[in-house]
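See below for the structure under consideration.
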Amino acid sequence: MPTATTEPTPSESPASGGPIINDMVIKVATENGSGSQSSNLILLRSLFNMGVPASGKNLFPSNIQGLPTWYTIRVNEDGWMAQRNHVDMLVAMNAKTVVDDLAELTPGAIVILNENLSHFVTRDDLNVHLVPFNALVKDIVKDAKLGKLVVNILYVGVVAWVLGIDMEALEQGVDWQFAGKAKAAELNKKALQHGFEWARANAKAKEHFAVRRSDAAKGQMMIEGNEAAAMGLMFGGVTFAAWYPITPSSSLCEYLAGYMNEHRRDPDSGKATYAIVQAEDELASIGMVVGAGWTGARSFTSTSGPGISLMSEMVGLAYFAEVPVVIVDVQRMGPSTGLPTRTSQGDIGKAYQLSHGDCKHVLLIPGNVKECFEFAYESLNLAEEYQTPVFLMSDLDLGMNKCLSEPFEMPEEPIRRGKVLTAEDLDRVGEFARYRDVDGDGVCYRTLPGTNHDAAAYFTRGTGHTETAAYSEKSDNWQQNMDRLIRKFDTIREHVPQPITELSGKGGVGIMAYGSSDDAVQEARHYLAQRHAMETSYCRVRALPVNGQVREFVDQHEIVYVVEQNRDGQMAAILRSEYPELATRLISVVHYDGIAIDAESIVNGIMALASRG
Amino acid sequence: MPTATTEPTPSESPASGGPIINDMVIKVATENGSGSQSSNLILLRSLFNMGVPASGKNLFPSNIQGLPTWYTIRVNEDGWMAQRNHVDMLVAMNAKTVVDDLAELTPGAIVILNENLSHFVTRDDLNVHLVPFNALVKDIVKDAKLGKLVVNILYVGVVAWVLGIDMEALEQGVDWQFAGKAKAAELNKKALQHGFEWARANAKAKEHFAVRRSDAAKGQMMIEGNEAAAMGLMFGGVTFAAWYPITPSSSLCEYLAGYMNEHRRDPDSGKATYAIVQAEDELASIGMVVGAGWTGARSFTSTSGPGISLMSEMVGLAYFAEVPVVIVDVQRMGPSTGLPTRTSQGDIGKAYQLSHGDCKHVLLIPGNVKECFEFAYESLNLAEEYQTPVFLMSDLDLGMNKCLSEPFEMPEEPIRRGKVLTAEDLDRVGEFARYRDVDGDGVCYRTLPGTNHDAAAYFTRGTGHTETAAYSEKSDNWQQNMDRLIRKFDTIREHVPQPITELSGKGGVGIMAYGSSDDAVQEARHYLAQRHAMETSYCRVRALPVNGQVREFVDQHEIVYVVEQNRDGQMAAILRSEYPELATRLISVVHYDGIAIDAESIVNGIMALASRG
Amino acid sequence: MTPSTASAEKQAPQKGPNKNRIGLTMQDYKGAASTLCAGCGHDAITSSIVKAFFEMDIPPHQVAKLSGIGCSSKTTNYFFNTSHGFNSVHGRMATIATGTAIANRNLVNIGVSGDGDTASIGLGNFSHMIRREVPMVYILENNGCYGLTKGQFSATADKGSHKKGGEVNSNTPIDCCALAIEMGCGFVARSFSGDPKQVRTLLKAALAHGGTALIDILSPCVTFNNHEGSTKSYSYAKAHEDPLHDISFIPNYEQIEVDYEAGAMQVVTLHDGSAITLRKLDLDYDATNRSSARKLLDAARDETLFYTGLLYYNDKSSTIQDNLDLVSEPLATLPESLVCPDRKVFDSLMDSFR
Amino acid sequence: MTPSTASAEKQAPQKGPNKNRIGLTMQDYKGAASTLCAGCGHDAITSSIVKAFFEMDIPPHQVAKLSGIGCSSKTTNYFFNTSHGFNSVHGRMATIATGTAIANRNLVNIGVSGDGDTASIGLGNFSHMIRREVPMVYILENNGCYGLTKGQFSATADKGSHKKGGEVNSNTPIDCCALAIEMGCGFVARSFSGDPKQVRTLLKAALAHGGTALIDILSPCVTFNNHEGSTKSYSYAKAHEDPLHDISFIPNYEQIEVDYEAGAMQVVTLHDGSAITLRKLDLDYDATNRSSARKLLDAARDETLFYTGLLYYNDKSSTIQDNLDLVSEPLATLPESLVCPDRKVFDSLMDSFR
Ligand SMILES: Cc1ncc(C[n+]2csc(CCOP(=O)(O)OP(=O)(O)O)c2C)c(N)n1
Ligand SMILES: Cc1ncc(C[n+]2csc(CCOP(=O)(O)OP(=O)(O)O)c2C)c(N)n1
Ligand code: SF4
Ligand code: SF4
Ligand SMILES: [Mg+2]
Ligand SMILES: [Mg+2]
């Protein structure tokens, strides 16, 4: 099949001022289960292939087939990749949502519409392309079922021509999407071309938006947070995972299973150097990984909100008995079942103090896919070094969407397995007390079951114990142990990923945020400066417990807007309690409608608060 | 059996200044499962019968038989009934602990000791009575097994004579303890008398402490918090309880079963107007009561820390789907299994925000047994009025120990079942939308399953929903509903039990506390004033969410010491987050060694902080 | 405040055209439009539920629809618009049902669950609910996978069966019917969503039973588990379904008059006076014999056979409400006078603490 | 950092006076002093465990002692001072065991649980652990009540049995042996703590089995459930124990030489080459036949009979580690070179995202 020249000829570009290049939001409205997902990914991928920065966010329903689904691609030469609720181009394939979809468009937006939906168009400020999709499909395939799939790639062809996307880049996209499925790839290319050609022949309107090859995304990669975290765990030497399916975390363990099966077999025997178990529920998955962590395997589980709740009791045991374990929480919107396919940061405060009684946990909070990789890797180190549960707090937005990223770096340092005494060590040191703070950092030595030494054994329990792990109900044993756990926590404070701060040096306004809000916050700062002459400093918290650097940031600013994606300002509450003397400076800016946070809503939130004084 | 004259004759009382009357701490060291518990209760009861204020605290191990157990009776004419770690009289029956038990005594303390333990006494500043218990037992019973039980009542006889406790009061105590068991009562009286007579004949030492009849406890009652709460629930019209055994909450449902069986049968049919189900676990007990609450029965479950953790997920559903249910948390020391027989307030912060995602719950926190009754009753009202989980936060100290109390009052108001629409109501109002905020208070109307009306039905779910309870993933439906839940929470704020405050008017020091700390805090304030000339105001928080009155209190004081029985200052953290502008005034004074909080440690805690400035 | 629990009499009880004996049409039993995949087995079961309840003349307002989480659990929204429904959390429907049954004994509880919901996360609570004899019709929509989370194997997936991607299941399957029998369930049936007549008849019998009734229905997941290599696909089920008997339901208002050769038919009378007739097919199966049921299910598992019909019936009809000796009125709506003891009781209790 | 998992050879392997074949004395298998009530059945089982492991020459350092919460669960502290122990949370020992078995396949896992721990809160996880074929000796110390929380009925309490205070249990009991068979367990035994010889022999056979082995041991709670009216008391158990067979264990280093009349004895060879002989008593019982086991247990439940012995044995010896195709070394201590892929893998993966 010949590759089409895709550069729009000068005559085709809009007369006045030329089109807006590489800065737009494309929204595709379909139904789930209709096969549109692969077409949307091809579209995204083709942009990536052209070196154009683009991100894709999938807004899908919590069912399997037939409900409205939107895929939003943001193209931005400057690399702003956050959610943007402002649609420049709509591909409206869903009759059930077309009225709303059209209504929200900005004037001048491009619309790709099946011609039989034309009667829904009641505005005249849109650039509408009515496409005879049904006829075009029939040109390609006769089978109606197959036709339902093919229509999706047809709209990609139309979009491609309208925006000026390379056919080469598109075909690369098809090959990437249908790797190993030559027949499907061929059919898709054919349909793609057909849509493209139809558009070339019929789409005459001048367009405000166009795409051009660029260097901006050169050298970057495109990956989902769950893929990245799975890789991080594999390179971190994880050997055991137990999980129970739950959106949006399931794909993490599913990706991992694929990677591990390929890369983690013993070269000699071909046997697995790992185990991945789909447990019967989250009580079991956390129990299994705690059992394995105690036995000495690097272990993790991944889940989302409801699973976190179910894991509460066992996590308290791991905290108190000091068992290393990693728990990935790919957050979705709660409470309860909530909106299982919508993003949120609603578990931050919950995970931090999960379980009854006094416990506080370590949370690593990646702000981008690269950190998903790095923190997943690091979480295993921290869990074993500090013998405690470590939470990796991702979210649906980060975990399940393809994000652009700098390439990851191969971890250079050996993995850190913490204070484990072998039989030889025991011979050398002579004595062993499991819960004795030998080094004064609150972190004790442990031994693994199976260690062939008479002094190796100890008894692990969730009940009060002495330094030698003997059962004790004595007040001072209890209190000393609880105090040591705080000492340990304070040690950890200095060893978790430190915040990233950027000081504006021009005024007293700080912004604090974490996790997947980063992109939107960065962009919001840009607008605040540009539109409102408000220069802001920025502190991205990357872990709990916070340490001196976070405090310092707050201390340096009269007002710190704490931006988070939950209703109750959970991080702000933690910070106020940590820094009562600075509590009044911390002002919550919250976003909790299930859509990923966007720059505009941050700007509006801050400006509204700022104007209140 | 003749009643002995128990007033010590003048010649027997200490020469200089006379004995200290009705102000002492008696500690009995035994083993659990040895039968000492009933003797200790008889001793306590006899004091009560004499009108002398006394409280008994049982420090028992987490096993069933053979481990050290201490029963501490505090006698105090002024009514200070809190824990006091200062022992004036020791009954040392346990060879395994006698060394430590003797070591902690204040000079001049009285010791009742089995003569065969005499070699353990190495101090000469104690008033030791060596008692030939083994011989005395043999005078009463021959059977060795029975003898092990009888020895306990023998020591009561000795103590009684030494302190001057009425034989009449004692025998009343025996009758009360062995109501319906005449033979046991008789044997006990015999042994009691025998111990008493032995002491009269042999105990010659002058004593510093004595007990005299008083009016101070007149008209009072003596009851455990779990008994009181069970009564409150019964009078509150509870109809369904599901529970799973766990110390220290089990006795609540066990007491309830007894009361209900007697008082809650239909007078006509004799059938039960209630159901109490021992569930298979806490996941089930909370599920059952949520199911029953939804169906319209006044329902509750009771548990302790580990159960709270397991209930997390379902509590989030109840919050979000707005199902009324009461959860009693009789707190014990955590994290994890922790110290199951030690008291704590370690679940306050946990219960407040239990479950993943944004949820906040209503907590009622009784400060004494009377409030256990009242708040248990009221919790059922609040749960139904506000259609939300309500936690009753008791603890082991309050729940399982006999406490003196003003008599309870019979609830006069009818129970409040909240906004429930019947078929007739529906006919009248014409329409029904389950989650519509008709009244502007955030509280919607509900209907019960089985209502015979076409408009009655609605679909309850933990997923996003519209006002009419239809499934929705729409952002604005979600956010509006979450906002309404906060509106409801703010309505509740004004309707939970308000704090009790006492303003000293003389300086800026406030104390804030809650729950079972009340007694000790009251006493501490007395000492602070007396010894350190520190007049303090006091605010006892009785519920979460807090409202304006709590804020006002903090606002009125430059320093507010927040006294709580957990390590992490969980209440202080909540308050700091609620009142950031006052956060620096809130200073944590924490106590978390498993022993009930006492006045001295509060005084010391506050003075240490005060001296730091 | 007391919702009327009036019986069906309130509605005109005449049977009109297309109306049942309480004057309702099939339409009155419908629910919201399904959002499941076109062709999902669960939707077929929904239709059977609608018909069975219509034919059994059950007033929808007396029904409580209970479920957990999963595609199957969603279906309670797709029938009986005028019944209360409670779509709870994953795996805990059995506990909700227990509370509901106790709180209002007049309700007809119908629960819909999936194999993940029941056999994986819910196994313990499911077992205990049966043990407690909670009266309800418990429908297990069994597709051997987790539909809603995209097709992972569930605990009922047969050993050796394949996923769409080819992975083979290495775990022993849990047979919820065998488990229910082990836990003392008195009505245990297995069916296939593609056999609507049998499903409907079993549903009616289950309703008439009045105790805990489990119907485990193979209900193919067309999206994730309907391929070659699956033992829960339509084609597999059609090819392998082996009905134990030809089953008919005779409502209690009809005369039980059946003509049959001795031995060719088993008649089972149910709690409410209705009956079912089981006409024997190839197998000489006695549905009231526990050992027969056990043997059959063991064989079925060992050889991956797919028997359908009433596997086990036992007419002991005690329920949790009986065991708890409950009053005959719903606890939920007892008047205050019955649930709040009076001052005399209060005073006597107070006295006992003095 | 790699704890040596060296075999028993490190210890002098000569059998000395009072020493076993790895040179240890019984004392080396002892634990902390028990804090249970004097006379508690659980303590007797502890003694049997000590003896069985001593006699089986198992190096204590290779043992992981696992438990939940309860009086029974505490007992892992009372044997094998030089073994690692994990007293976890209530009802979840099965999950911990699964993780432990996977993390280090060289460990010998012994779990001790109670009837509350296993049959109430832990039922689901227990069932799934069996289904997953986790190799371990699972000891259920069954006293029909919750000892540690003061004697409430558990799910194994027989219907109609009495509490100390007189309350009657109205729930159907769960038979964990029958359940284990249903879940595919290959070694299912029942015994009585007061029959230490049988307990010890079963323990040894269970250890030799190498797969999931359940031993459900009636273990009276002297404090709360040892009265008239209890079916879990010493006197009840003594009066009703009905051994299925006289059982002997023949270690694999001894020749299996048994003289018996045909039909009077069943010899079962175990995974590690040892064997047990089952000399028939009154009943002609075949312990390798699942239907016999089912029938026996159904009868036992219906009539509250108390059969002891090896109820069911099945020599399929696949384990979860096999199913997961694990390397032969413990996962826990694999060297970094085996668990962290190299740069080549990294680069190729990176490329796939470009
Ligand atoms: C505690 C919890 N864990 C996991 C999930 C995610 N989840 C939703 S449905 C489901 C499984 C559904 O399978 P099944 O019950 O068989 O229903 P089906 O969709 O196959 O009908 C899971 C695991 C959840 N909602 N809650
Ligand atoms: C989650 C949780 N719920 C309840 C408890 C309280 N609890 C401790 S032991 C126990 C029951 C023990 O019974 P069983 O397992 O039969 O052991 P036994 O004491 O009889 O040997 C219970 C309910 C707990 N520790 N954790
Ligand atoms: S995913 Fe499967 S179970 Fe779910 S609706 Fe679709 S076909 Fe049915
Ligand atoms: S309470 Fe019962 S089970 Fe617990 S130690 Fe005592 S006798 Fe044993
Ligand atoms: Mg399923
Ligand atoms: Mg037990």
Side-chain angles (χ1 to χ4, degrees), chain B residues 221-223 231 234-237 239-240 242 259 263-264 266 269 271-275 277 279-281 283-284 287-299 313-314 317 407-408 410 414-415 417 420 422-423 447-454 456-463 470-471, chain C residues 1-6 10 32 35 59-62 64-66 69 76-77 80-89 92 94-100 102-104 106-107 124-125 128 132 320 324-328 330-334 336 338-341 343 345-347 349-350 353-354:
Chain B
M221 56 192 282
M222 187 169 263
I223 190 169
M231 273 183 52
M234 176 168 72
F235 283 93
T239 53
F240 181 55
Y259 299 149
H263 304 296
R264 278 285 299 277
D266 179 25
S269 64
K271 297 258 174 195
T273 62
Y274 69 93
V277 172
E280 64 271 29
D281 59 24
L283 300 167
M288 289 177 191
V289 296
V290 166
W294 174 75
T295 309
R298 295 206 133 185
S299 307
E313 189 193 14
M314 188 61 84
L317 171 68
F408 302 167
M410 171 79 185
I415 58 176
R417 306 214 55 185
V420 177
T422 63
T447 56
L448 305 186
T451 303
N452 189 357
H453 193 288
D454 279 352
Y458 71 96
F459 198 84
T460 306
R461 40 170 55 102
T463 41
Y471 184 78
Chain C
M1 215 157 55
T2 312
S4 147
T5 50
K10 201 179 161 183
T35 61
H61 78 270
Q62 282 194 345
K65 306 177 297 183
L66 309 173
I69 299 288
T76 48
N77 196 25
F80 310 169
N81 258 334
T82 54
S83 299
H84 277 73
F86 196 165
N87 185 201
S88 63
V89 294
R92 310 294 164 215
T95 69
I96 299 282
T98 306
T100 298
I102 291 172
N104 185 342
N106 291 348
L107 293 176
N125 296 137
H128 281 277
R132 283 203 184 84
I320 190 168
L324 290 167
D325 196 26
L326 297 190
V327 289
S328 54
L331 293 185
T333 50
L334 289 176
E336 179 160 356
L338 272 181
V339 298
C340 298
R343 178 173 291 280
V345 172
F346 181 81
D347 288 343
L349 271 166
M350 283 300 105
F353 294 106
R354 288 221 182 85

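Throughout, protein chains are lettered first and strands after them, A, B, ... in sequence-line order, and every chain is numbered starting at 1. The shown structure was predicted, so the numbers you read here are calculated from the model rather than taken from an experiment.
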request  = Under 4.5 Å, counting heavy-atom pairs only, tell me which of D347(C), L324(C), V345(C), I69(C) racks up the most with chain B.
outcome  = V345(C)

query = Going by an N to O cut-off under 4.0 Å, is there a salt bridge joining R132(C) and E280(B)?
reply = yes

request  = Please state whether the side chain, the backbone, both or neither of L349(C) comes within less than 4.5 Å of a heavy atom of chain B.
outcome  = side chain

query = So what's closer than 4.5 Å to chain C heavy atoms on T447(B): side chain, backbone, both or neither?
reply = both

inquiry  = Does M288(B) form a side chain to side chain contact (heavy atoms under 4.5 Å, CB included) with V277(B)? I'd like the steps, not just the answer.
reply    = CA-CA 9 Å; M288(B) 289 177 191; V277(B) 172; 3.9 Å; yes

ask   = What part of L66(C) is in contact with chain B, defined as an atom under 4.5 angstrom from a non-hydrogen atom: side chain, backbone, both or neither?
value = side chain

query = Which bit of R461(B) comes within less than 4.5 Å of chain C, counting heavy atoms only: side chain, backbone, both or neither?
reply = both

note = If one checks every heavy atom of L107(C) against chain B at 4.5 Å, the contacting part turns out to be side chain

ask   = So do the side chains of F459(B) and Y471(B) get within less than 4.5 Å of each other, counting heavy atoms only?
value = no

query = Do P341(C) and F235(B) come within less than 4.5 Å of each other through their side chains, counting heavy atoms only?
reply = yes

inquiry  = Less than 4.5 Å to any heavy atom of chain C: does that hold for the side chain of Y458(B), its backbone, both, or neither?
reply    = both

ask   = Any idea which of G291(B), A242(B), A275(B) has the most non-hydrogen atom pairs under 4.5 angstrom with chain C?
value = G291(B)

task = May I ask you to name which of M234(B), M231(B), R264(B) has the most heavy-atom pairs under 4.5 Å with chain C?
result = R264(B)

request  = Please examine the side chains of L331(C) and N104(C), heavy atoms only from C-beta on, and report whether any two atoms are closer than 4.5 Å.
outcome  = no

request  = Heavy-atom distances under 4.5 Å only: say whether N81(C) touches chain B with side chain, backbone, both or neither.
outcome  = backbone

ask   = Y274(B) versus chain C, heavy atoms under 4.5 Å apart: side chain, backbone, both or neither?
value = backbone

ask   = Looking at K271(B) and D325(C), does any basic side-chain N land under 4.0 Å from a carboxylate oxygen?
value = yes

key: Which atoms of T100(C) approach chain B - backbone, side chain, both or neither, heavy atom under 4.5 Å   = both

message = With a 4.5 angstrom heavy-atom cut-off, is it the side chain or the backbone of S269(B) that approaches chain C, or both, or neither?
response = side chain

task = Would you check if F86(C) and K65(C) make a side-chain contact, meaning some heavy-atom pair closer than 4.5 Å?
result = no

task = Using the side chain to side chain contact (heavy atoms under 4.5 Å, CB included) rule, take L283(B) and R92(C) through it: C-alpha gap first, then chi angles, then the decisive distance, then the call.
result = CA-CA 8 Å; L283(B) 300 167; R92(C) 310 294 164 215; 3.7 Å; yes

key: chain B contact via T35(C) - which portion, at a heavy-atom distance below 4.5 Å   = neither

request  = Let me know if V290(B) has heavy atoms under 4.5 Å from chain C in its side chain, its backbone, both or neither.
outcome  = both

request  = Apply the test side chain to side chain contact (heavy atoms under 4.5 Å, CB included) to residues N87(C) and T460(B): give CA-CA distance (whole Å), side-chain angles for both, the deciding distance (0.1 Å), then the verdict.
outcome  = CA-CA 6 Å; N87(C) 185 201; T460(B) 306; over 6 Å; no

task = Test R417(B) against R298(B) for side chain to side chain contact (heavy atoms under 4.5 Å, CB included), laying out the working first.
result = CA-CA 9 Å; R417(B) 306 214 55 185; R298(B) 295 206 133 185; 3.9 Å; yes

request  = Under 4.5 Å, counting heavy-atom pairs only, tell me which of T98(C), L338(C), N77(C) racks up the most with chain B.
outcome  = N77(C)

message = Going by side chain to side chain contact (heavy atoms under 4.5 Å, CB included), name the residues that satisfy it together with A457(B), two or more places apart in sequence or in a different chain.
response = H84(C)

ask   = Which one, N125(C), T82(C), I320(C), leads in non-hydrogen pairs under 4.5 Å with chain B?
value = N125(C)

